[in-house]
Every structure is written in structure tokens, then in C-alpha cells.
Asker: 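Below is one structure. I have some questions about it.
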Number of protein chains: 2
Amino acid sequence: MSVLIEFRHLKYILAVAETGNFTRAAERLFLAQPSLSAQIKDLEDTLGFPIFLRDRTGVYCTPAGEMIVSYAESALAEQTETVKAARAIYRGEIPILRLGFSCFVQPELLQSFRDAYARLFPDCQMQLSSGNHSHILHRLEEKSLDGALLPMPITGDDWVFEQIACSPLVVCMRTDDPLAEEIEIQPAELTERLTIFRDPEMHPAAHARLMNMLSEVKILPKVSSLAATPADIQFMVQAGCGLALMDQRTVLYPGLTGRPIAGIRWTVDTAFVHHNNAEHLALPILVRYLRKLGNGKPLKRPARRKHVKGLQLELLA
Amino acid sequence: MSVLIEFRHLKYILAVAETGNFTRAAERLFLAQPSLSAQIKDLEDTLGFPIFLRDRTGVYCTPAGEMIVSYAESALAEQTETVKAARAIYRGEIPILRLGFSCFVQPELLQSFRDAYARLFPDCQMQLSSGNHSHILHRLEEKSLDGALLPMPITGDDWVFEQIACSPLVVCMRTDDPLAEEIEIQPAELTERLTIFRDPEMHPAAHARLMNMLSEVKILPKVSSLAATPADIQFMVQAGCGLALMDQRTVLYPGLTGRPIAGIRWTVDTAFVHHNNAEHLALPILVRYLRKLGNGKPLKRPARRKHVKGLQLELLA
DNA sequence: GGTTGCCATAGATAGGAAGTATTGGACGAT
DNA sequence: ATCGTCCAATACTTCCTATCTATGGCAACC
């Protein structure tokens, strides 16, 4: 199917919708009124439905027209934003992206985020800082970080986030544990034995949610060991302090293994977050890209075989 | 500023990026190769930076080009989607939107959502169902609802949601309560007196989060009365069962009033949710629109003074 | 009944998108 | 080396169409 609408049309439509008047819209566009009328009419013909109703009292949108007008606004804004970012890339003006991440975010996930960033913003630098959930959020607030990868939930207003991963929770145990013989663990078998948890202070909302989910399936956890990192949790399991819940994708120490809980499909969700009024040029485009990756199918384009910088190439030539 | 890129360019760019070859891209576009080359070159000139690197071994994207290519994909897809939806509106083929909402969602919020929907999909019907959080989510899952307005947090994978409101929590009390004399309530004054809560079963995750937030500020609530609706909560406060937390925007019964808690800025967040693979045509466009409303400034276009249906008008004329 | 405001139509024109033919550069095979 | 192949760029022509000016039609307002 060919392109029905051009950006030119969107600009014209918007001018007409905003002025409610072909003549004034044409003036604003530095265009003769008949040219504008003709363009809109052509477009309406190819689309197969009218966008505007011309009426003695003025020009109004049809229902379908409202949708096109609303689309025109965002499509034009998006184009401007994209061109600005692309130009900044070309000029090497993208500032370093200061990315925070919780130590509970899987390394492969961090890497695939870095890959996505590198695909969108090649040759742009990224500075990593790890920390616990609340700490990272605080640094985002005070703008010493531009964005972060954090486990959900992310509570509070003034955050923009986009979920980028979701992975099952499993019970982490020693391989010599009797439960390791089973393929799935029954919830009842966990009561009393599930004792190792992430320190609630690291991420209060996630802890609360977990406790609640556990009580819903009648697992009564005995919170006795608190850990600040996944490595510490593994150490505690290894040391025999009890069982813990873990992201299935965690690479476990030798001597440890993971088992799903029967009938339960809890997940660890990770999101890319940035503050509402953070101003790093890459953020809106990054979020849009991550959203596309999440909803759509993977991109099927030939990979770049050569790695060449746009501007630098010219300067060296 | 004028339009730099046209959709035609995006289509061309995409073809070149996907084939990695101007000649084959031109074939795919039913275009002569020099025409394609010229168009891309023109675009690169107006943009001010190269999109592709022509190389003996093939054609590759520059860094800035990668961004444009990625944009081209989504922009073209979005246009197609929008035109499809607009055409469906014109033909009156938009099915009724079955919207669920929690009874804890404010009526004005529901109304402004209905307004937004009416603006995007004029003359399209909406069917409302209220219920509690878990119930609504379940109905979304089994596809007896298309979308819903629910208080956050919304846990679990396979939901698409967009936060649409955020409003402060206040303490709800009788106007003859001694605390009503104060402008702000101190957290310590709430211990023992905060006793009325939403039934945890209505929304387990929200209850858990609230309990956690309370304990963080050393308020130890005594959960003694459980209500299924805001009206029930108000009744209980009126009956003297204790104090409750409420959305500040709730229209209170006579004899009741709300007061903020000193030093605390908790909020009630509401989101529009739909299931990952719900197929109602309006959903992706609705989410995009809500997102725009949230991030951007309000639209400043003359309102439609007349309410006319596109198709019907022609048929009647 | 004249004037004004506004959109549509008619016809002319110029700009530019697309086409054809050709050149030039880089490999690879003989 | 030399020829053949592949591929993008250049040169030049053609034709479409976006734009222009001028005008017509229609309703509303003095």
C-alpha cells in the first residue's frame, strides 16, 4: 500500500483545524487559499472520507476528521523531535547518559538495554551507577542520573516509565535440598522455610506487594534474613539460612538451583524510568523505542557491518 | 519551520535500510534507481547530515541514520493504524467500547475519560460496568471488557496501561471531629484513629502498598472496618467508626470533611488499562491520545459547534 | 440591493519527482 | 592486464502536480 497522507497534508490539516477557516489557515501557511482547499480536497478523496465540514458558520471536523487532526498534532511533533535528536547524534552533541540500575536487575537485561541504546544512539556514551531502588529514585529526582533500570512497581507521580522485561519468580535452594528433587514446589512446602528476603528498605513497595501475594496463597513467610543484593541472597541460601525467591534468569552459584512454585505465575518486572522533567535529549526517543520493542516484533534489518561515525568520517576525509 | 521529511521519504528510507541496496530497494518501490538515489540525496541535504553510507560492500546506516530509520518504521505503522481507525469511524464500524471501572474511580475522572473518548471517537458508543479491582481485571482477561479505569498499582504482565490521573490522599473525618479544627493532621494523631479501609480483597496490591507507606511514617493503623465502596467508607466515618483515607477529589457527604496529613504527599493514581491482546480498534489510539494529554499541554482548538455524523450526513443529504 | 466573508472552480505555470541513458569506480574471473 | 559485473551517481528529459491568479457562488449583514 502506498502512502496516502504526506506530512504536508498534516500541516495543512492542523492549520485549518486550529483556525477553523481555510482563508486564515492559508495565510498562516503562506499559501493561496485555493491551493489549500485543493490539497485538503484531494486528501479527502484519496482517504475516502471527509475531514472537514464546510459550513456557512465555519469549518468543523467530522468525527473521522477529529482523529486525523489529533494524529497530525502528534505526528508533526514526533518528527521534529526525531530530527532534532538525529542531528544531535550527527554533531556528537548527545550528552553522556547517566544510567542508574538496581543490583536486582539482571545483567543480560542491562546489556540488552545498552544494546538498544547503542542501536539508537551509536557512539554515544553511557555512565552506569548501581544502587538500591530508593537510592536510584532519589538520584533521578535530584538529576544526578538521567534514567534508570529498576524493578517494578515504581510508585509516585512524576515518573515516566516503560516496562522492558518480565521474568518468572522461582524458589532458590541448595541442590542438596530435598525440595530440589521436585519439579515444582507446592506452596505449603514453603511456609516456615522461606526466610530470606530483600531488605524492605531497598524497595518498600515491592516488599509489600510480595508479602501480600504470599499471604494470598496462604504462604506465611518467616522474614528472618535480609539481603541487599542478589549475591547476598545466594550466599545466605548457600549458608543454609533458608529459601529465597529469585528472578528465574539469575545465574546461580554452583550448588544452588531454582524451582517454580506450583500454580503460581508471579513475575519480576523491570522498567526503564526517568523523571518527568528530566531533559536528556535521548529520553523521549528511547522510551518510544522501548515501547515499540515491547509491543512489536523484532526488527528485521541487516545489521551494520561497519562502525563509522558520521561527523568524524567527514572531518577525517 | 517547514516540513523537512515527507512520508514518501520514510518509505524510501525504509526500503533502502531493509534491502541494503539502492537498486533492489528501487525495484521494490517500483521506482527507477536514480530517482530513489536522488530523493535520498535531497533529503540528506535538507537534513544536513547523511543517513546512509554508500560503500563498495553495501549501503549502511550512519548513526543519525539509524535513528531516522527506526523512526520511519514506527511513523509509517502509526499512519496506517490511524487511517484505518478513522475510516472505521467514518463507516460507523467502531464496536461499542465496553469499559469497566472501579467504584473508587472519581466520577469526574470517568467523565473526562468519556469526553476524551468522545473527542477521538465521536458518535461511538460506550458501555459501562463498575466493579472491584480484581473483578474488573478478571473481566478484561476473559475479554468481556475492552478496557478499564482502575486505581494503580496494576500488577502483572500482559497489561497495557496509561496513568491518567493522580490526586492527593486526605484524611476523611466528621466536621465535628476535634481534628477538623486543624489545617493539617500530624501523622501521630492518626494512630489508633485510622480504622476504616477499603476491603483488601478489592485491590490487594493497593492495600499492601498503603499499609507499607503507613508503617514507613510510623502510623500504625488499626484495620477494623472494611468497606467495598467510597460511599460505604463515608457512611462508616459518619457513623463514627473512625477515620479513613480518601481521594481528595471525592465529593463528601454533608457533615464530613477532608484534611491533608502534614509532611506527606501520598496520591491515588488512576490508569486506563487494557489487556495485551485485546483487539478493540480504539485501544492503541486511545492510549496514545491519553499519553499525549498527560505529557503535553491541553489542546487549543475551537470546539466543534455542530455535531454531525460523517457517513449519515451523506446518506441523508 | 450592495457589501462582505468565505470556500470552490477554472485555467495557467513552474518546480520537482520520476524516467532513460550513461558514466565511473570497485571487484572478480580469466 | 583485461574484460565483465555490480552498483551508485550524473546528465538530461518528461510529465505530474502543487501552486498561483482570477473568478464564481452562496449566505449573512447592513
Side-chain angles (χ1 to χ4, degrees), chain A residues 2-47 50-62 65 69 72 302 304-306 308 313-314 317, chain B residues 2-47 50-62 65 69 72 302 304-306 308 313-314 317:
Chain A
S2 77
V3 172
L4 299 171
I5 311 184
E6 287 295 352
F7 276 106
R8 172 171 37 91
H9 294 124
L10 297 184
K11 219 177 47 169
Y12 295 173
I13 287 172
L14 209 54
V16 173
E18 281 176 3
T19 58
N21 181 308
F22 276 70
T23 310
R24 269 186 289 281
E27 277 167 23
R28 212 180 81 174
L29 295 164
F30 302 104
L31 207 68
Q33 169 263 314
S35 310
L36 179 59
S37 291
Q39 283 296 304
I40 303 252
K41 189 174 184 334
D42 278 5
L43 179 62
E44 290 177 326
D45 288 348
T46 47
L47 284 179
I51 296 172
F52 296 110
L53 281 175
R54 292 82 163 160
D55 187 283
R56 24 225 123 290
T57 68
V59 174
Y60 310 104
C61 282
T62 60
V69 169
R304 292 157 70 226
R305 256 159 283 167
K306 300 192 78 172
V308 189
L313 186 78
E314 284 204 333
Chain B
S2 78
V3 172
L4 300 171
I5 311 183
E6 288 294 352
F7 275 105
R8 169 171 38 93
H9 294 125
L10 297 185
K11 218 178 47 170
Y12 295 174
I13 287 172
L14 209 54
V16 173
E18 281 175 3
T19 58
N21 181 308
F22 276 71
T23 309
R24 269 184 289 281
E27 277 167 23
R28 212 180 80 174
L29 295 165
F30 303 104
L31 208 68
Q33 170 262 317
S35 309
L36 179 60
S37 291
Q39 283 296 306
I40 302 253
K41 191 175 181 334
D42 278 5
L43 179 62
E44 290 176 326
D45 287 348
T46 48
L47 284 179
I51 296 172
F52 297 108
L53 281 174
R54 292 80 164 161
D55 187 283
R56 26 224 130 298
T57 69
V59 174
Y60 310 104
C61 281
T62 60
V69 169
R304 292 156 70 224
R305 255 159 285 167
K306 300 191 79 174
V308 189
L313 186 80
E314 282 203 335

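In the text below, chain A, chain B and the rest are named by the order of the sequence lines, each starting its count at 1.
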Asker: Rounded to whole angstroms, how far apart are CD on E27(A) and P on dC7(C)?
Answerer: 11 Å
Asker: Between N21(A) (CG) and dG5(C) (P), how many Å, whole number?
Answerer: 11 Å
Asker: To the nearest 0.5 angstrom, please state how far the CD1 atom of I40(A) sits from the CG atom of D45(A).
Answerer: 12.0 Å
Asker: Measure CZ/R24(A) against P/dG5(C) and give the value in whole Å, please.
Answerer: 10 Å
Asker: What is the nucleic acid contact for L31(A), judged by heavy atoms within less than 4.0 Å: base, sugar-phosphate only, or nothing?
Answerer: sugar-phosphate
Asker: Nearest nucleotide by nearest heavy atom, which residue falls closer to the 5' end of DNA chain C, R54(A) or F30(B)?
Answerer: R54(A)
Asker: Between the side chains of D55(A) and T57(A), does any donor sit under 3.5 Å from an acceptor?
Answerer: yes
Asker: Donor-acceptor pair, T62(A) side chain versus I51(A) backbone, under 3.5 Å?
Answerer: yes
Asker: Determine all donor-acceptor pairs shorter than 3.5 Å in which one atom belongs to a side chain in residues 30-37 of chain B; sequence neighbours excluded.
Answerer:
{"unit_1": "Q33(B)", "atom_1": "NE2", "unit_2": "S37(B)", "atom_2": "OG", "d": "3.1"}
{"unit_1": "S37(B)", "atom_1": "OG", "unit_2": "Q33(B)", "atom_2": "O", "d": "3.3"}

Asker: Residues from residues 39-46 of chain B sitting under 4.0 Å of DNA chain C, heavy atoms only?
Answerer: Q39(B), D42(B)
Asker: Is S37(A) touching bases, backbone alone, or none of the nucleic acid, heavy atoms closer than 4.0 Å?
Answerer: sugar-phosphate
Asker: By salt bridge (Lys or Arg N to Asp or Glu O under 4.0 Å), which residues pair with R8(A), not counting sequence neighbours?
Answerer: none
Asker: Minimum heavy-atom separation for L43(B) to L4(B), with atom names?
Answerer: CD1-O, 3.8 Å
Asker: How close or far is atom C1' of dG24(C) from atom CD of Q33(B), stated in whole angstroms?
Answerer: 13 Å
Asker: Got a sec, which pairs hit ring pair (Phe, Tyr, Trp, His ring centres under 6.0 Å) with one end in residues 7-27 of chain A, sequence neighbours left out?
Answerer: F7(A)-F7(B)
Asker: Tell me what F52(A) touches on the nucleic acid: a base, only sugar-phosphate, or nothing, going by heavy atoms under 4.0 Å.
Answerer: nothing
Asker: Just to verify, what does R28(A) make a salt bridge (Lys or Arg N to Asp or Glu O under 4.0 Å) with, not counting sequence neighbours?
Answerer: E18(A)
Asker: For DNA chain D, whose closest nucleotide is more 5', that of H9(A) or that of P34(A)?
Answerer: H9(A)
Asker: With sequence neighbours left out, write down each residue that passes salt bridge (Lys or Arg N to Asp or Glu O under 4.0 Å) with E44(B), or none if nothing qualifies.
Answerer: R54(B)
Asker: At a heavy-atom distance below 4.0 Å, which nucleotide of DNA chain D is the first touched by chain B, and which is the last?
Answerer: dC7(D) to dT10(D)
